[in-house]
There are 2 protein chains.
Amino acid sequence: MADTPRSFDPTELGAYFALIEVSSLLRHTVEQQLREAGDLSYVQFQLLARLGNSPDGSYRMTDLADGVVYSRSGLTYQAQSLEQRGLVTRAPSPDDERSTTVAITEQGRDVLAKVFPGHIAVLDELLFEPLERADVEALFDVLGRLRDHMRAAPPRSAAPRRRKTS
Amino acid sequence: MADTPRSFDPTELGAYFALIEVSSLLRHTVEQQLREAGDLSYVQFQLLARLGNSPDGSYRMTDLADGVVYSRSGLTYQAQSLEQRGLVTRAPSPDDERSTTVAITEQGRDVLAKVFPGHIAVLDELLFEPLERADVEALFDVLGRLRDHMRAAPPRSAAPRRRKTS
DNA sequence: GTTTGTTGCTTCGGATTCGAAGCATCTGTG
DNA sequence: CACAGATGCTTCGAATCCGAAGCAACAAAC
């Protein structure tokens with residue numbers, strides 16, 4: 001099956017494990033802070049943050065899902081939840097009746113603003129405090145390249161719905 | 001509330017976002033591979049891998065949970081699942097009747113072996129292929145330090161159950 | 001203008017997850 | 001030894017999550 005008997009050296013393994021561990025721990029702490037400060041899950045926060053950064057404060061569902069690496073059905077669930085709380089609105093797109101446009105509301109921006117300082121504090125304390133400037137730059141560089149690579153890579157034996165095969 | 005009005009520069013933000021994104025994307029792909037190759041979730045794989053690396057192939061529940069950054073109740077659920085499939089055994093610890101010792105079985109090791117090549121292939125392709133040796137070393141160094149820092153840090157306003165306060 | 005295929009989202013069912021509460025076992029103190 | 005507290009794990013209920021299936025709107029081919 002797999003023709004890759006190559007094994008990893010301790011540095012590679014360590015880098016991999018550390019990546020998983022760090023992101024898990026960070027996510028955990030952030031999740032807690034967001035829950036307490038504004039009753040938001042991490043996903044919900046990410047969605048609001050993305051919408052808040054958008055020029056017109058809105059996105060299509062699919063783009064949001066891809067952005068935060070999330071399933072479509074999961075996004076539907078969270079979007080409904082956010083809509084009920086009045087933090088976003090949903091409406092069919094003008095140019096394409098199929099797609100739903102999600103937009104952040106004033107209330108959504110308020111929650112975002114309320115939660116942000118604590119969020120920054122957590123990041124500062126957990127992520128940046130122990131690092132030198134050069135470390136942050138290294139992460140930015142290496143992880144940025146990784147992200148681009150992963151985004152570009154096809155979903156691994158998943159996309160073959162193209163071409164008419166025969 | 002939060003006395004940290006400091007904001008982040010683009011490099012810091014980029015590093016943070018890239019970290020989250022990379023770990024999400026990686027996790028996603030790995031999860032898929034594990035599911036197909038051995039019908040394992042990522043957590044289950046992590047548990048088996050940890051047990052497989054242990055000198056005596058066993059751990060206490062709590063240590064496992066802490067190791068993979070997981071809730072205790074969640075671990076109970078997965079441990080039961082793995083036990084039913086015969087991949088691990090569970091038994092009360094000899095020296096402490098309260099604690100449960102989880103041990104990997106031969107069958108567990110088989111599944112691990114069956115799944116491993118594909119796992120390595122995914123990592124190689126997604127994580128290591130686009131990186132120079134120096135990049136891997138940088139990740140190892142910086143993320144390793146981060147992990148230590150996060151592990152050491154108290155769970156953020158959560159631990160105050162120590163000392164008799166008054 | 002149909003027919004066929006694609007795309008965007010939702011619904012559905014089931015699996016996974018967590019925190020709180022519950023139960024046992026240990027560990028100190030007197 | 002009896003007791004309060006700590007510790008280790010499980011059970012419970014509710015929230016969250018995903019993939020598969022379904023539905024509606026588009027697009028392409030004829």
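Order of the sequence lines fixes the chain letters, A, B, ..., with proteins taken first and strands second; residue numbering starts at 1 for each chain.
Along DNA chain D, the nucleotide nearest A:Val43 and the nucleotide nearest A:Asp95 are compared for position; the residue whose nucleotide lies closer to the 5' end is A:Val43. Of the two residues contacting DNA chain C, namely A:Arg98 and A:Met61, the nearest-nucleotide position lying further toward the 5' end is that of A:Arg98.
Contact annotation for A:Ser73: base contact, defined as any heavy-atom pair under 4.0 Å involving a base atom. Using a 4.0 Å heavy-atom cutoff across all strands shown, A:Thr76 reaches at least one base atom of the nucleic acid. B:Thr100 comes within 4.0 angstrom of sugar-phosphate atoms only, judged by non-hydrogen atoms across all strands, and of no base.
Closest approach of B:Ser81 to B:Gln44, counting heavy atoms only: OG-NE2, 3.4 Å.
We find that CG of A:Leu64 is positioned 16 Å from C1' of C:dT10, with the value rounded to whole Å. Atom OH in A:Tyr59 sits roughly 16 Å away from atom P in C:dG8 (whole-Å rounding). Atom CZ of B:Arg72 is separated from atom C1' of C:dG19 by 12 Å (rounded to the nearest Å). Atom OH of B:Tyr42 is separated from atom C1' of C:dT17 by 17 Å (rounded to the nearest Å). Regarding B:Leu75, its CG atom lies at a distance of 10 Å from the C1' atom of D:dC9, rounded to whole Å. Spacing between atom CG of A:Asp96 and atom C1' of C:dT6 amounts to 12 Å, rounded to whole angstrom units. Whole-Å rounding puts the A:Tyr77 OH to D:dT16 C1' distance at 5 Å. Put simply, OH on B:Tyr70 is 15 Å from C1' on D:dC9, counting in whole angstrom units.
Between A:Phe116 and A:His119, the two ring planes are perpendicular [angle over 60°; tilted spans 30° to 60°].
Here A:Met150 contributes atom CE and B:Ser24 contributes atom OG; the two are 10.5 Å apart, rounded to the nearest 0.5 Å.
A sub-4.0 Å separation between OP1 or OP2 of D:dG19 and a side-chain N or O of B:Gln32 is absent.
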When you look at B:Asp141 and B:Arg145, which way does the salt bridge (Lys or Arg N to Asp or Glu O under 4.0 Å) test go after all the steps? CA-CA 6 Å; B:Asp141 174 48; B:Arg145 246 181 303 141; 2.9 Å; yes
